[in-house]
Amino acid sequence: MRRLLPGATIGMLGSGQLGRMFTQAARRMGYRVHVLSPTAASPTGQLADVEVVADYADSDAVAEFAAGVDVVTLEFENIPSASLEAAASRAEVRPGVRALHVTQHRGREKRFLAGLGVPHVPYLEVPAGGDVAAAVSRVGTPCVVKTAGFGYDGKGQRLLEADADLPGALTLAAAQPVVVEAFVELAAELSVVAARGVDGGMASFAPAHNRHVHHILDLSAAPAALPAGVAAEARAVTEAVLEGLELVGVACVEFFLDVRGRLLVNEVAPRPHNSGHLTIEGAETSQFEQQLRAVAGLPLGSPTPRRPAAMANLLGELWQGGEPDWAAALEVPGVALHLYGKDAPRPGRKMGHLTATAVAVEAAEERVLQARALAAGASRPASA
Ligand code: AMP
């Protein structure tokens with residue numbers, strides 16, 4: 001396919017914050033963005049040139065949408081296969097249907113990782129209504145039972161500390177396939193975001209160190225302070241995954257680093273990732289500009305860090321006492337505020353994020369946590 005230069009139209013399937021930040025990068029560079037969204041005035045639609053409101057499962061609407069753009073990309077991996085194929089019949093879809101098919105299902109994804117010889121969490125697959133109890137007893141407790149499809153942010157997961165916890169897992173597995181994973185004693189959680197271009201060229205960002213609260217990402221910091229060799233291994237594994245998926249675009253590989261120092265792949269997201277938001281201020285090219293460059297067939301940008309950076313998510317809870325105190329948060333040096341244009345701050349909903357840069361990654365973390373605490377109404381330190 002020819003290279004798409006500024007003025008071309010990119011079609012975005014999915015309309016949340018990832019599409020919004022992609023749109024900011026694409027429009028800055030003179031591209032047009034059309035978004036397909038299930039709701040009107042979505043976070044992406046507010047900034048896009050055109051917002052088409054349709055259900056992701058409406059394959060006719062998706063085909064018509066694709067016919068009106070130069071290339072289709074996405075920010076949401078759970079687009080039904082029939083819709084992706086409908087889009088692919090009208091336009092190039094990047095990443096492609098196969099990369100999506102593999103990563104939409106934990107069982108398929110783990111089989112793919114095993115086939116690549118990439119270290120991953122030990123697991124067993126159980127078909128819908130299958131014998132979960134037998135799988136749990138083979139894997140052993142503690143273990144984690146996860147639905148194979150359509151899970152994110154810890155949704156569709158049960159931790160089994162002991163066999164007594166089995167009833168919850170049985171409910172989960174009654175009507176859908178699941179995977180039973182060994183529980184990993186974590187030293188740290190890491191992720192690597194990388195881009196792969198049309199020509200197969202690759203650019204991976206420095207690994208991020210991630211902390212989750214209630215299974216939702218709370219804080220990311222990069223470049224992560226890691227033992228020698230671990231960062232290089234994480235990047236090499238990530239690049240092997242993108243290569244194996246023949247993915248054109250941006251993807252994120254999430255890793256567990258266990259207490260014995262082993263790096264295991266947890267999961268793969270075939271799109272920009274929450275842990276890569278800090279590349280906007282922290283890297284020479286952001287993950288969103290990389291997505292644009294990759295899908296447009298442009299040269300990839302440099303993933304080199306500009307400055308150590310840390311990102312803290314802003315969930316709906318922060319709005320419990322009314323509008324957060326943004327002015328107080330922005331008094332902290334090196335802090336940038338991103339809000340996603342969502343009007344209903346429900347608990348657990350990602351409403352925005354803060355990123356702080358500093359001379360060292362620990363200082364960036366301190367700044368971003370201080371800024372978030374101030375936004376939440378904490379009193380200012382005497383020196384501020
Ligand atoms: P996931 O949706 O698979 O990324 O899981 C969300 C979070 O739950 C992870 O980031 C971990 O903090 C935790 N988790 C999931 N699976 C496991 C596991 N097998 N062992 C230990 N912690 C896990």
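Only heavy atoms go into these numbers, but all of them, side chains included; no hydrogens, no water, no symmetry mates. First listed ligand is number 1; within each ligand, the first listed atom is number 1.
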Atoms of ligand 1, numbered as shown, that sit under 4.0 Å from any heavy atom of [X]:
X: Val144; result: 17 (C), 18 (C), 19 (N)
X: His212; result: 10 (O)
X: Arg106; result: 2 (O), 3 (O)

**Prompt:** What pairs with Arg346 under side-chain hydrogen bond (donor to acceptor under 3.5 Å, both in side chains), at least two apart in sequence or on another chain?
**Reply:** none
**Asked** Backbone, side chain, both or neither: what part of Asn266 comes under 4.0 angstrom of ligand 1, heavy atoms only?
**Response** side chain
**Prompt:** Hydrophobic clusters join Ile, Leu, Val, Met, Phe, Trp and Tyr when side-chain heavy atoms are under 4.5 Å apart, directly or via other members; which others share one with Leu124?
**Reply:** Val126, Val132, Val136, Val139, Val145, Leu160, Leu166, Leu170, Leu172, Val178, Val180
**Prompt:** Looking only at non-hydrogen atoms, which of Arg211, His215, Glu189 approaches atom 9 (C) of ligand 1 most closely?
**Reply:** Glu189
**Asked** Under 3.5 Å between some N or O of ligand 1 and some N or O of Ala182?
**Response** yes
Inspect the contact between [Y] and [X] and indicate whether a charged nitrogen and a carboxylate oxygen are less than 4.0 angstrom apart.
X: Glu289; Y: Arg293; value: yes
X: Arg211; Y: Asp218; value: no
X: Lys110; Y: Glu181; value: yes

